[in-house]
Engineer: 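Structure incoming, see below.
Just so you know, ligand 1 is whichever comes first in the structure, and atom 1 is the first atom listed for that ligand.
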Amino acid sequence: MIGRLNHVGVATPSIDASIALYRDMLGATSIEAPFDLPEQGVRVCFVNLPNSQIELIEPLGDDSPVLAFLAKNPKGGQHHICFEVPDILAARDAMVAKGATVLRGGIPRIGAHGVPVIFVHPKDMGGVLIELMAEPVH
Ligand code: CO
């Protein structure tokens with residue numbers, strides 16, 4: 001069912017500090033401008049890699065879902081991984097049919113890439129928060 005790995009989500013208390021890390025420590029050369037995604041309560045920045053992306057996410061607002069993660073991981077850390085799927089609603093229905101908990105009532109939201117996404121609770125996926133996103137137009 002899953003397709004290519006689209007990105008790895010990394011939570012950070014400071015996108016600016018993380019940009020410096022990926023640029024100066026790892027030598028990343030393609031880092032996009034950060035932008036706010038208020039509907040998701042995050043500020044986002046993409047680090048482009050030859051085969052994937054790192055999605056840096058910083059809390060935005062007082063009810064950001066990233067705040068609880070940073071409370072447990074103050075320095076930030078790996079937050080989720082995202083796979084592409086050909087049909088987001090079919091993927092949602094399949095996950096529910098297999099007993100997984102799809103967050104936010106299973107209603108797809110427009111994610112940082114401008115296509116619908118859902119999140120599968122980490123308790124059903126070996127402790128890893130899974131994002132499934134509709135295949136973007138490449
Ligand atoms: Co993501």
Engineer: Using modelled atom types only, decide if a donor and an acceptor are shared between the side chain of H121 and the backbone of K123 within a distance under 3.5 Å.
Structural biologist: yes
Engineer: Can you give me the closest heavy-atom contact between F46 and A112, atom names plus distance?
Structural biologist: CZ-CB, 3.7 Å
Engineer: Determine the sole option in V120, V128, I57 for which the side chain to side chain contact (heavy atoms under 4.5 Å, CB included) test with H80 is passed.
Structural biologist: I57
Engineer: Around the Co ion (ligand 1), what protein N, O or S atoms are found below 2.8 Å?
Structural biologist: H7 NE2, E55 OE1, H80 NE2, E131 OE1
Engineer: So, do E39 and R109 sit near enough that their side-chain heavy atoms are less than 4.5 Å apart?
Structural biologist: no
Engineer: Would you say E55 and H79 are linked by a side-chain donor-acceptor pair, where the criterion is simply a distance under 3.5 Å?
Structural biologist: no
Engineer: Hey, quick one: are L26 and V47 part of the same hydrophobic cluster, counting side-chain heavy atoms closer than 4.5 Å, chains of contacts allowed?
Structural biologist: yes
